[in-house]
Amino acid sequence: ESQNGAEMFIIQSGEIEISKVVQGNEVTLAVLKKGDMFGEMALLENKPRSASAIARTDCVLMVINRSNFNQMVSTQPQLIFKLTMTFAERIWSMYRQLENANLSDPVAKMIDMLSLQIEKQKLDLNNLLSKSQQTELTPKDLANMCGIANEHQPKAIYEFQQSSLVKIDNGKIFIKDIPELLKQAAFYRKQKQEQK
């Protein structure tokens, strides 16, 4: 975060956590996996990086500098499509994260943020083979994504774990009923809008 960068990266294997320090707390913005890219804004705009990228696992990255990027854009039009889709998804995700930031109850924030992670997967809810899903997120990951201050996290995590929608399996969040989780998160957001 705040360093200059002249490269972007495409994840070949592993997981990268994108985080940003907000009011003294490190907030997880995203967890990226194989095929995802990051660092493209520094490459395109020639400005300091807006967030940090931290390897959560061993990773193999494809590094693309400006000259490689220009060559790839002219010879691989699918890269432009991928960048456009990435930007569109990030704008939508930022809008949803702003909605999440407006929620005041920490558990509602965590349920909504978990819902956002499911929405990003673009699952066909009508054709789900299973309505449950194991995630790679820990409750602490989720609290960080919500921007919950470190001193408030233990209580928020404890209360989140009491929800009938989730259980913790080997330290990771297991969603018991995806459609019900999405409904609950939508209810929290609607309730907040009606309070305005």
Side-chain angles (χ1 to χ4, degrees), residues 1-22 24-44 48-65 68-69 72 76 78-79 82-83 85-90 92-94 96-97 100 109-123 128-130 132-150 153-154 156-158 160-161 163 165-176 178 181:
E1 185 174 355
S2 300
Q3 292 181 346
N4 290 326
E7 302 89 17
M8 65 177 273
F9 306 89
I10 300 176
I11 302 171
Q12 304 297 295
S13 67
E15 287 187 356
I16 299 285
E17 178 178 315
I18 305 298
S19 65
K20 183 169 185 60
V21 175
V22 179
N25 291 309
E26 187 170 2
V27 176
T28 302
L29 301 176
V31 177
L32 306 178
K33 298 181 179 174
K34 181 179 179 177
D36 290 332
M37 63 180 77
F38 63 96
E40 69 283 345
M41 294 308 292
L43 175 71
L44 294 172
R49 299 198 186 276
S50 61
S52 294
I54 302 154
R56 287 173 61 120
T57 64
D58 289 341
C59 296
V60 176
L61 306 175
M62 179 189 299
V63 182
I64 301 172
N65 61 29
N68 291 355
F69 178 76
M72 289 174 76
Q76 300 178 31
Q78 69 271 22
L79 181 63
K82 174 81 172 154
L83 276 172
M85 292 304 296
T86 297
F87 293 151
E89 288 170 4
R90 288 187 184 162
W92 170 83
S93 180
M94 284 181 0
R96 278 288 281 108
Q97 285 176 317
N100 184 272
K109 287 173 91 69
M110 292 177 75
I111 295 288
D112 183 58
M113 186 58 71
L114 187 56
S115 170
L116 171 57
Q117 302 316 303
I118 293 297
E119 290 171 39
K120 286 180 180 179
Q121 296 176 31
K122 297 184 176 120
L123 301 174
L128 283 180
L129 296 176
S130 171
S132 60
Q133 182 180 19
Q134 179 65 53
T135 74
E136 291 301 311
L137 296 170
T138 66
K140 175 113 176 107
D141 290 336
L142 201 58
N144 286 339
M145 288 176 158
C146 295
I148 298 170
N150 289 333
Q153 285 188 10
I157 289 170
Y158 174 79
F160 169 77
Q161 291 174 340
S163 169
L165 299 169
V166 299
K167 74 176 182 177
I168 307 306
D169 188 11
N170 290 322
K172 306 285 176 90
I173 300 168
F174 178 83
I175 303 169
K176 295 180 183 179
I178 293 170
L181 176 89

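Formation of a donor-acceptor pair under 3.5 Å by the Asn65 side chain with backbone atoms of Glu7 is not found in this model. Using modelled atom types, no side-chain atom of Glu40 and backbone atom of Leu83 make a donor-acceptor pair closer than 3.5 Å.
Taking both residues in full, the closest heavy atoms of Gly35 and Ile10 are given as O-CG2, 4.3 Å, listed atom of the first, atom of the second, then distance. Taking both residues in full, the closest heavy atoms of Gln134 and Lys172 are given as NE2-CB, 3.2 Å, listed atom of the first, atom of the second, then distance. Contact detail for Val166 and Phe160: the closest heavy-atom pair is CG2-O, 3.7 Å. For the residue pair Pro48 and Ser2, the shortest heavy atom distance occurs at CB-O, 3.5 Å. Arg49 approaches Ala42 most closely through the heavy-atom pair NH1-CB, 3.4 Å. Of all heavy-atom pairs spanning Pro139 and Gly171, the tightest one is CD-O, 3.5 Å.
For the residue pair Thr138 and Asp141, a side-chain donor N or O sits within less than 3.5 Å of a side-chain acceptor on the partner. Counting only N and O atoms by type, the side chains of Asn150 and Glu26 include no donor and acceptor under 3.5 Å apart.
Between atom CG of residue Leu29 and atom OG of residue Ser50 there is a gap of 8.0 Å, rounded to the nearest 0.5 Å. With values rounded to the nearest 0.5 angstrom, Glu119 atom CD is found 4.5 Å from Arg96 atom CZ. Atom CG of Leu142 sits about 4.5 Å away from atom CE of Met110, to the nearest 0.5 Å. Remark: Ile111 CD1 to Leu181 CG distance equals 5.5 Å, nearest 0.5 Å. Atoms OG and CG, on Ser13 and Leu61 in that order, are 8.0 Å from each other to the nearest 0.5 Å. Note: Leu116 CG to Gln121 CD = 10.5 Å, rounded to the nearest 0.5 Å.
When the shell of 6.0 Å around CG of Asp169 is examined, it contains more than 12 heavy atoms from other residues, nucleotides or ligands. In Lys176, the NZ atom is crowded: over 12 heavy atoms of neighbouring residues, nucleotides or ligands sit closer than 6.0 Å.
A salt bridge between Glu89 and Lys120 is absent, with no side-chain N of the basic residue lying under 4.0 Å from a carboxylate O of the acidic one.
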